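Since this is a predicted model, take the numbers as computed values, not measurements. The chains referred to below are lettered A, B, ... by the order of the sequence lines, with proteins before strands, and numbering in each begins at 1.
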Number of protein chains: 2
Amino acid sequence: MNREPAYTRLSVEERRRRLLELGADLFARHSIDELSMAAIAREAGISKALLYHYFPSKADYFEATLRAAAEDLRLRTEPDPDLPPAEALAASLDAFLGWIEDNRLAYSKLMQSATSVGEARTLISQVREGTAQRLLDGLAPDPSPKVRAAVHGWLWLMDGVCVDWLEHRDMDRTEVRDLLLGALLGALTAAGWQPPDGF
Amino acid sequence: MNREPAYTRLSVEERRRRLLELGADLFARHSIDELSMAAIAREAGISKALLYHYFPSKADYFEATLRAAAEDLRLRTEPDPDLPPAEALAASLDAFLGWIEDNRLAYSKLMQSATSVGEARTLISQVREGTAQRLLDGLAPDPSPKVRAAVHGWLWLMDGVCVDWLEHRDMDRTEVRDLLLGALLGALTAAGWQPPDGF
DNA sequence: GCGCTTGTTGACCCTCGGTCGATAGTGACC
DNA sequence: GGTCACTATCGACCGAGGGTCAACAAGCGC
């Protein structure tokens with residue numbers, strides 16, 4: 001009997017890479033609690049135990065796949081240091097909206113399962129926090145509480161507008177971008193913000 | 001043997017009332033998935049089966065308790081029809097912030113467990129939608145996509161600012177209110193909104 | 001060909017949402 | 001004050017899903 005192997009053995013890196021790739025695909029199509037670890041393992045062609053060998057928990061697996069996507073997003077929205085702040089912000093925002101258009105499904109599913117899993121919420125907060133920090137650095141190095149709150153609030157507004165946008169799809173990207181920029185300016189003005197030198 | 005009863009029997013209304021009251025208390029202190037139905041039943045001094053006799057599912061129970069709170073909130077933020085729109089909005093917003101101050105814990109926990117359960121998300125959307133509708137009625141009876149998106153986005157901003165506020169607690173309520181009003185005006189302006197007659 | 005490392009597995013446990021038939025309070029009526 | 005019926009209440013059970021573990025075997029080095 002020349003039996004074929006019961007399973008194919010991969011290197012740790014290769015297996016991990018494949019699992020993350022599969023996760024990115026799955027989580028873009030289904031929210032986290034539509035997927036059981038058993039189903040994911042089946043989809044990956046491995047046993048559940050192996051999945052747990054690579055990721056200590058379901059939340060961890062979810063977070064790991066999100067983290068990769070977040071990194072991608074961060075790179076794409078990195079502001080250009082050579083541009084003046086206002087233009088860099090506009091370009092950055094444009095890139096963000098472009099990413100959302102490219103990943104509509106994933107973004108919707110993310111906003112859906114967002115707060116269901118602590119790890120996902122943490123990650124979203126971190127992204128928001130990082131974005132807020134980059135914004136504040138450019139806009140107001142030493143912000144008052146109101147300016148800080150305005151920037152944080154604006155990031156929420158951005159998600160709200162994006163959700164509305166994806167739902168209705170009756171604006172084009174530049175309209176959305178300008179709306180967001182205008183809303184930011186309005187919120188900052190309401191917070192008593194003054195443009196710093198060179199703005 | 002004069003044994004005491006194995007359980008005390010209550011009328012349906014009384015039992016239901018007590019369960020909702022307990023739910024309001026529990027869900028203000030713990031997010032929904034920190035609580036198992038077994039634990040809730042234990043806390044209520046009844047069997048899990050009885051809890052399910054009164055509420056068909058965990059989500060239903062959660063929603064029922066939220067609905068009561070939402071009703072309370074709605075009543076408190078009902079705009080005064082005798083006031084001019086701008087003042088009515090300010091008063092309404094003030095009442096909203098007051099409610100949040102009174103229910104800090106509940107609000108935080110809600111924003112935390114919010115979208116984890118479809119029913120809760122539905123409810124929040126409904127509240128948001130209702131609020132948006134009331135706002136739009138007063139501000140722009142026939143809104144353009146941009147104005148609609150701006151109003152929806154602003155409601156998100158409001159939650160974001162409130163979360164920031166509860167986290168830092170370095171502004172007073174009127175500051176927050178004015179920030180929110182200013183941000184709304186800014187967002188509407190960015191959306192190309194013009195105040196209607198009598199505003 | 002042989003062993004050793006370690007990637008991989010099947011079987012198991014526990015918790016949790018949800019269900020069902022049986023039991024026992026308790027008000028009503030004699 | 002007995003007893004009867006109604007139904008609020010319970011204990012026991014189920015299936016699904018997250019998570020664990022000891023044992024097995026793929027494939028490399030010798």
Original post:
Can you list every pair that meets side-chain hydrogen bond (donor to acceptor under 3.5 Å, both in side chains) and has a residue in residues 78-92 of chain B, with sequence neighbours left out?
Top reply: B:R74-B:E78

Subject >> Within residues 15-27 of chain A, residues whose heavy atoms come under 4.0 Å of DNA chain C >> reply: A:R15

Original post:
So does B:R67 pair up with B:E71, basic N to acidic O under 4.0 Å?
Top reply: no

**OP:** Classify every nucleotide of nucleotides 13-26 of chain C by which part a protein heavy atom approaches to under 4.0 Å, writing B for the base, S for the sugar-phosphate alone and - for neither, in 5'-to-3' order.
**Re:** ---SBBBB---BBS

Subject >> Residues that A:E175 engages under side chain to side chain donor-acceptor pair (under 3.5 Å), provided they are two or more places apart >> reply: none

Original post:
Counting any heavy atom closer than 4.0 Å, what does B:Y61 reach on the DNA or RNA strands: base, sugar-phosphate only, or nothing?
Top reply: nothing

**OP:** Could you list the residues that satisfy side chain to side chain donor-acceptor pair (under 3.5 Å) with A:T174, not counting sequence neighbours?
**Re:** A:D172

**OP:** Not counting sequence neighbours, list each pair that qualifies as a side-chain hydrogen bond (donor to acceptor under 3.5 Å, both in side chains) and has a residue in residues 139-151 of chain A.
**Re:** A:R148-B:D164, A:R148-B:H168, A:R148-B:D170

**OP:** Using the ring pair (Phe, Tyr, Trp, His ring centres under 6.0 Å) rule, collect all pairs that involve residues 7-28 of chain A, keeping only residues at least two apart or in two chains.
**Re:** A:F27-A:Y61, A:F27-A:F62

Original post:
Any Lys/Arg nitrogen of A:D102 or A:R76 sitting under 4.0 Å from an Asp/Glu carboxylate oxygen of the other?
Top reply: yes

**OP:** Please find the earliest and latest nucleotides of DNA chain D, in the 5' to 3' direction, that have an atom within less than 4.0 Å of any heavy atom of chain B.
**Re:** D:dC6 to D:dG11

Original post:
Listed by chain and number, what are the salt bridge (charged side-chain N to carboxylate O under 4.0 Å, His left out) partners of B:D25, not counting sequence neighbours?
Top reply: B:R29

Original post:
Under 3.5 Å, side chain of A:K58 to main-chain N/O of A:L35, donor-acceptor pair present?
Top reply: yes

Original post:
Reading DNA chain D 5' to 3', how would its secondary structure be written in dot-bracket notation, given Watson-Crick and G-U pairs with both distances under 3.5 Å, brackets [ ] for crossing pairs and | for partners on other strands?
Top reply: ||||||||||||||||||||||||||||||

**OP:** Please list, chain by chain and in numerical order, all residues satisfying side chain to side chain donor-acceptor pair (under 3.5 Å) with A:Q194, sequence neighbours excluded.
**Re:** none

**OP:** Tell me, please, which residues at least two apart from B:R16 pass side chain to side chain donor-acceptor pair (under 3.5 Å).
**Re:** none

**OP:** In plain terms, say whether A:R18 and A:E21 are close enough for a salt bridge, that is, a side-chain N and a carboxylate O under 4.0 Å apart.
**Re:** no

